[in-house]
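The sequence lines fix the lettering, A, B, ..., with proteins before strands; numbering per chain opens at 1. All values below come from the heavy atoms of this structure, side chains included, with hydrogens, waters and symmetry mates left out.
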There are 2 protein chains.
Amino acid sequence: MGKQLTEMLKGTLEGIVLAILAGRSAYGYEITAWLRDQGFSDIAEGTIYALLVRIEQRGFVDVEKVPSEKGPPRKVYSLNAQGREYLQEFWRNWAFLAERLDHLHKGDRST
Amino acid sequence: MGKQLTEMLKGTLEGIVLAILAGRSAYGYEITAWLRDQGFSDIAEGTIYALLVRIEQRGFVDVEKVPSEKGPPRKVYSLNAQGREYLQEFWRNWAFLAERLDHLHKGDRST
DNA sequence: GCCGCTATTCAGCGTTACTATGTACCAGTA
DNA sequence: TACTGGTACATAGTAACGCTGAATAGCGGC
């Protein structure tokens, strides 16, 4: 559902995940569950795992394998210094975009 | 510049253009210039034209060819009823996303 | 043994924005 | 006439991202 939202998520989903990891370390399955909880009901699991691989390869996160009592070992991700820097850039871009959109929305008589 | 912002624009740029057209009719060249004015300094012209073709094919806009005194004829786009509906859906999705991001940003100690 | 939950991975696809280039119309000027 | 520059639109090829769908694997309980 929501092809519009899917397209909007491009670029921002990465920021969302980094923001989550800025608060605390987490692993893929956990992040997916949390997102669903927050209303992102149809974010595919595969999407999150692919995203995590990406940010790991770019060096934004540190990874630790932790055994789980209920299944295969978890890959726990935590944001490092480089990731924090990148996240701040994300917030700057987001603020810029949100401000423009806000102006446009206010000036839109059709609402 | 700004690969991050480029990715973020996916999905939102369409909404931005529709929002502009909700205020008044406009043509491609004009929209591009306006966006550059608003700080979207590196949005390519080709991007806007491709986007306009897309929303025309989806039936969100009506098109009128208007002769120009300074060059080839302009294609003036105006938002129709279907486009207005789609724009409202866009605003709903945007509001949802913006609210989640806002929460995340506030809870982010690294800022 | 089999089902269900936890947990990760991957190939293939569609959509979007960018790059780069080309076309065309007109005015001014040398 | 030829050239330049601003206006205006179009398009082929590329990269990035999220989704679909399926596979793999560990563990507990019926």
Between atom [atom1] in [X] and atom [atom2] in [N], what is the gap in whole Å?
| X | N | atom1 | atom2 | answer |
| --- | --- | --- | --- | --- |
| A/Ile31 | C/dT9 | CD1 | C1' | 16 Å |
| A/Tyr77 | C/dA7 | OH | P | 14 Å |
| B/Glu56 | D/dC9 | CD | C1' | 12 Å |
| B/Leu52 | D/dC9 | CG | C1' | 10 Å |
| A/Glu64 | C/dT8 | CD | C1' | 17 Å |
| A/Gln4 | C/dT16 | CD | P | 10 Å |
| A/Met8 | C/dA17 | CE | P | 11 Å |
| A/Lys65 | D/dG26 | NZ | P | 12 Å |

task: Kindly state whether the ring of B/Phe96 and the ring of A/Phe40 have centres lying under 6.0 angstrom apart.
output: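 Ring-ring flag for B/Phe96/A/Phe40: true, centres closer than 6.0 Å.
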task: Determine: side-chain N/O of B/Tyr49 to OP1/OP2 of D/dC9, distance under 4.0 Å, yes or no.
output: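 Checking B/Tyr49 against D/dC9: at least one side-chain N or O falls below 4.0 Å of OP1 or OP2.
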[Y] side chain reached by [X] side chain, heavy atoms, under 4.5 Å:
| X | Y | answer |
| --- | --- | --- |
| A/Glu56 | A/Lys75 | yes |
| A/Lys10 | A/Glu7 | yes |
| A/Leu51 | A/Arg54 | yes |
| B/Phe60 | B/Val17 | no |
| A/Thr32 | A/Tyr29 | no |

Set out, line by line, the N/O atom pairs under 3.5 Å between protein and nucleotides 4-7 of chain D.
from: D/dT7; atom 1: OP2; to: B/Tyr29; atom 2: OH; distance (Å): 3.2

message: Students often get this wrong, so: under 4.0 angstrom with heavy atoms, is A/Glu45 touching a base, only sugar-phosphate, or nothing?
response: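 Base, at least one base atom sits under 4.0 Å.
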query: Under 4.0 angstrom, heavy atoms only, what part of the nucleic acid is A/Glu30 near: base, sugar-phosphate, or nothing?
result: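 Here A/Glu30 touches no strand at all.
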- request: Keeping the roles fixed (side chain from A/Arg74, backbone from A/Lys65), state whether a donor-acceptor pair exists under 3.5 Å.
  value: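 Checking the backbone N and O of A/Lys65 against the side chain of A/Arg74, no donor-acceptor pair under 3.5 Å is found.
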message: Assess whether a salt bridge exists between B/Glu30 and B/Arg24, defined as any Lys/Arg side-chain N lying under 4.0 Å from an Asp/Glu carboxylate O.
response: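 B/Arg24 and B/Glu30: salt-bridged.
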message: I'd like to know if B/Arg84 pairs up with B/Glu89 as an ion pair, taking the criterion as any Lys NZ or Arg NE/NH1/NH2 lying under 4.0 Å from an Asp or Glu carboxylate oxygen.
response: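 Salt bridge: no.
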statement: With sugar-phosphate taken as primed atoms, P, OP1 and OP2 and all else as base, the protein-contact string of nucleotides 14-19 of chain D at under 4.0 Å (heavy atoms; B, S, -) is --BBSB
